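Report on one structure; see the data block that follows.
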Amino acid sequence: MWPTIAQVSVGANVLLLAVLGGIWARNYWQFRSKHTLGLLVFSVLLLAENALALYYYMVDPTLATWFATAVPAIAWRAMMLLHVLETVALLFLVWITWD
């Protein structure tokens, strides 16, 4: 159960960061402000981190198997909690950015 929640959360993070990155890229091209550029760089780096995590959880032959079979439940709960908290933060950021 914990791995599935973590994987879904990381997948949602990738989608949310793609949306935010698109909005901030459009705003940067329009306004050329350092603040918007900083937000765009932030979204790209966090998107890379989440895409790598998703790859490790689901695709990498060695780590995906290890995550599915050998990671203790306490570690999965901790990783899941961090991913879910990040998803909540990104949902809030999308909401205030979209508004």
Side-chain angles (χ1 to χ4, degrees):
M1 178 171 116
W2 304 119
T4 304
I5 295 170
Q7 291 167 351
V8 168
S9 184
V10 170
N13 292 346
V14 167
L15 294 175
L16 292 169
L17 286 161
V19 168
L20 286 169
I23 292 169
W24 291 334
R26 184 191 66 212
N27 288 346
Y28 176 70
W29 291 120
Q30 183 176 359
F31 301 115
R32 303 284 182 178
S33 73
K34 283 188 201 180
H35 180 75
T36 308
L37 179 60
L39 292 170
L40 177 58
V41 169
F42 171 78
S43 70
V44 168
L45 294 175
L46 200 57
L47 176 63
E49 184 267 331
N50 278 276
L52 187 61
L54 194 59
Y55 171 78
Y56 284 151
Y57 287 161
M58 302 182 77
V59 179
D60 185 87
T62 303
L63 290 176
T65 303
W66 181 69
F67 279 126
T69 59
V71 174
I74 187 91
W76 266 120
R77 282 189 290 251
M79 287 188 292
M80 181 270 313
L81 179 62
L82 291 174
H83 292 309
V84 168
L85 288 174
E86 184 179 340
T87 303
V88 170
L90 289 172
L91 282 169
F92 183 75
L93 204 50
V94 167
W95 176 64
I96 63 170
T97 300
W98 203 282
D99 191 28

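In this chain, residues are counted from 1 in sequence order. All of these numbers come straight from a predicted model, not from anything done at the bench.
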With a 4.5 Å cut-off on side-chain heavy-atom distances among I, L, V, M, F, W and Y, is there a chain of contacts connecting I74 to M80?
no
What one should report as the nearest heavy-atom pair of L93 and W24 is CD2-CH2, 3.7 Å
What pair of heavy atoms forms the shortest contact from G21 to S43, and how long is it?
CA-OG, 3.4 Å
Side-chain donor/acceptor pairs under 3.5 Å, residues 53-64, sequence neighbours excluded:
{"residue": "Y57", "atom": "OH", "partner": "H83", "partner atom": "NE2", "Å": "2.8"}
{"residue": "D60", "atom": "OD2", "partner": "T62", "partner atom": "N", "Å": "3.2"}
{"residue": "D60", "atom": "OD2", "partner": "L63", "partner atom": "N", "Å": "2.8"}

Separation of H35 NE2 from N27 CG (nearest 0.5 Å)
10.0 Å
Is the backbone of L46 close enough, under 3.5 Å, to the side chain of N50 for a donor and an acceptor to pair up by distance?
yes
Check the hydrophobic clustering (I, L, V, M, F, W, Y; side-chain heavy atoms under 4.5 Å; chains of links allowed) and say if V19 and W95 are grouped together.
yes
Find out if a path of hydrophobic residues (ILVMFWY) with successive side-chain heavy-atom gaps under 4.5 Å connects L16 to L82.
no
Please report the shortest heavy-atom distance between L47 and V14, naming the atom on each side.
CD1-O, 3.5 Å
Kindly give the cluster partners of L81, where membership spreads through any ILVMFWY side chain lying under 4.5 Å from a current member.
L85
I'd like to check E49 versus E86 (side-chain heavy atoms, cut-off strictly below 4.5 Å). Are they in contact?
yes
Single-linkage hydrophobic cluster, 4.5 Å side-chain cutoff, I23 and F31 together:
no
Would R32 pass as a cation-pi partner of Y28, given that its NZ or CZ must be under 6.0 Å from the six-membered ring centre and within 45 degrees of the axis?
yes
Examine distances only and state if a side-chain atom of W76 and a backbone atom of F67 form a donor-acceptor pair shorter than 3.5 Å.
yes
Examine the side chains of T87 and N13 and answer whether a donor and an acceptor come within less than 3.5 Å of each other.
yes
Tell me whether L91 shares a hydrophobic cluster with V94, the cluster being built from Ile, Leu, Val, Met, Phe, Trp, Tyr side chains joined at under 4.5 Å.
yes
Residues clustering with L15 (ILVMFWY side chains joined when closer than 4.5 Å, directly or via others)
none
Spacing of CZ belonging to F92 relative to OG1 belonging to T97, to within rounding of 0.5 Å
9.5 Å
